[in-house]
Amino acid sequence: MTGLVVLGSTGSVGLSTLDVVRRNAGRFRVAALTARSNHRLLLDQCREFQPQLAALADPSHLAAFEAGLRAAGLSTRAVAGAAALEQAAALDGAEFVMAAIVGAAGLLPTLAAAHAGKRVLLANKESAVMAGPLLTGAVRDHGATLIPIDSEHNAVFQCLGADGEKTIGDVQRILLTASGGPFLDRDPATLDQVTPAQACAHPNWDMGRKISVDSATMMNKGLEVIEACCLFDVPVDRIEVVIHPQSVVHSLVQFRDGSTLAQLGNPDMRTPIAHALGWPQRLDSGVEALDLLAVGRLDFGAPDLVRFPCLRLALEAARSGGAAPIVLNAANEAAVQAFLAAEVPFTAISGIIEDVLAQSSVQSSDDLEQILSVDHEARRTATETIGKFRF
Ligand code: NAD
Ligand code: MG
């Protein structure tokens with residue numbers, strides 16, 4: 001049985017991962033689970049999967065969690081704090097690590113998994129945005145494997161085939177599809193009135209709140225462009241964003257001979273998760289095959305960078321390189337958090353990010369210490385900037 005660590009097991013991707021594990025009984029042994037603070041759900045998961053280790057990022061719930069483990073008669077060892085997440089990510093005897101923590105909090109555990117030579121199933125796109133070269137360098141130097149979980153990047157990975165590294169030279173373009181989110185056709189003049197609940201109501205995907213807001217602003221697609229540059233080692237001008245409201249074509253690769261390959265499927269994260277868990281074999285995912293007759297039609301269009309200023313800012317940051325993607329990511333996390341806490345309007349998100357980017361001096365960001373310092377500084381600036389955008 002393959003040992004599997006699920007970082008962020010209580011989130012949307014974490015739950016889908018455990019569902020795929022459940023459907024493939026006898027194939028995976030869940031070695032460790034982690035969560036930020038939802039110790040009740042983590043305890044339920046420990047009852048079912050009996051991992052050797054369970055980590056809570058927030059230590060204030062450790063005592064209650066340990067008491068729950070004891071009452072259930074489980075031998076799972078409970079640990080807490082940021083270092084505990086890295087401990088789980090590097091756990092001996094576990095070959096696979098699902099990196100499904102949301103945001104910059106996922107960076108150090110994801111890097112720890114790469115350093116420990118694991119098969120890293122990368123959902124935490126923020127790690128790739130903040131520290132792409134560091135992550136791919138650690139994967140290379142420590143014999144790890146990186147398989148994308150983001151549906152678009154998993155689609156590209158599948159289109160590149162087993163010889164991905166060899167064929168990338170033949171790739172003319174990578175086309176990342178984007179649903180356009182819940183506000184694709186909404187009157188832009190009314191966007192300042194949208195509520196967190198409306199922004200989180202994605203038409204096709206059921207996801208965590210942060211990525212749902214990122215999808216509504218299309219920052220998600222901007223982060224994904226940067227993620228694709230990192231994962232597939234292609235320059236940003238060979239990546240194109242295409243609006244595709246049905247979320248059936250998950251992405252496409254165009255080769256120099258005129259061939260375009262795509263991966264299609266129902267919008268359900270269990271498909272890319274099962275692909276990455278089984279690769280190079282295929283596993284049951286619980287997802288129905290696509291019914292093309294029911295889908296009927298597939299639409300494609302160009303993204304509107306005026307309606308979606310966050311996508312414009314992300315593409316600019318991707319072209320600038322250096323510290324810009326780190327600043328973009330940090331400012332976005334802070335702005336989205338403020339929007340979800342009903343402190344600023346939806347339309348302030350792009351304004352906050354643009355202001356923080358304008359205030360940041362271009363710095364180099366080659367090592368981890370510099371990356372964390374740029375991230376920290378950008379969050380500090382964002383906190384001040386958010387004050388100017390409050391209701
Ligand atoms: P989520 O909010 O549903 O879950 C996040 C998980 O991370 C939870 O288990 C939570 O406890 C944990 N977590 C949150 N903050 C933490 C912290 N500070 N320290 C430690 N753990 C923390 O998010 P999600 O939708 O599952 O997304 C997870 C990641 O996967 C994100 O990076 C997202 O961009 C990416 N992703 C998600 C989807 C999707 O369909 N949900 C699709 C593609 C990519
Ligand atoms: Mg995606």
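Note that ligands are numbered from 1 as they come in the structure, with each ligand's atoms numbered from 1 the same way. The first residue of the sequence shown is numbered 1, and numbering continues consecutively from there. This one's a predicted model, so the numbers in the text were calculated from it and none came from an experiment.
Only protein N, O or S atoms were considered, and those under 2.8 Å from the Mg ion (ligand 2) are Asp150 OD1, Glu152 OE1, Glu224 OE2.
Formation of a donor-acceptor pair under 3.5 Å by the Arg238 side chain with backbone atoms of Val171 is found in this model.
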Criterion side chain to side chain contact (heavy atoms under 4.5 Å, CB included) on Val249 and Phe300, from CA distance to verdict:
CA-CA 10 Å; Val249 178; Phe300 300 97; 4.0 Å; yes

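Between Arg209 and Pro196, the shortest heavy-atom distance links the atoms NH2-CB, 4.5 Å. Between His250 and Gly265, the shortest heavy-atom distance links the atoms NE2-O, 2.9 Å.
Hydrophobic cluster of Leu41: the remaining members, joined at side-chain heavy-atom separations below 4.5 Å, are Leu15, listed by chain and number. Through chains of ILVMFWY side-chain contacts below 4.5 Å, Leu7 is grouped with Val5, Leu53, Val79, Leu85, Leu91, Val97, Ile101.
Each of Val241 and Leu252 belongs to its own hydrophobic cluster when Ile, Leu, Val, Met, Phe, Trp and Tyr are linked at side-chain heavy-atom distances under 4.5 angstrom.
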Short N or O contacts of ligand 1 with protein, under 3.5 Å, listed by atom name?
residue  : atom   : partner : partner atom : Å
ligand 1 : 3 (O)  : Ser12   : N            : 2.9
ligand 1 : 9 (O)  : Gly8    : O            : 3.2
ligand 1 : 9 (O)  : Thr10   : N            : 3.3
ligand 1 : 9 (O)  : Thr10   : OG1          : 2.8
ligand 1 : 9 (O)  : Gly11   : N            : 3.1
ligand 1 : 11 (O) : Thr10   : OG1          : 3.2
ligand 1 : 11 (O) : Arg36   : N            : 2.9
ligand 1 : 25 (O) : Gly208  : N            : 2.9
ligand 1 : 26 (O) : Ser12   : N            : 3.1
ligand 1 : 26 (O) : Val13   : N            : 2.9
ligand 1 : 30 (O) : Ala123  : O            : 3.4
ligand 1 : 32 (O) : Glu126  : OE1          : 2.7
ligand 1 : 41 (N) : Ser12   : OG           : 3.2

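The pair Arg36-Asp58 fails the salt-bridge criterion, with no side-chain N (NZ, NE, NH1 or NH2) lying under 4.0 Å from an Asp/Glu carboxylate O. The pair Glu316-Arg319 does not meet the salt-bridge criterion, since no charged nitrogen lies less than 4.0 angstrom from a carboxylate oxygen.
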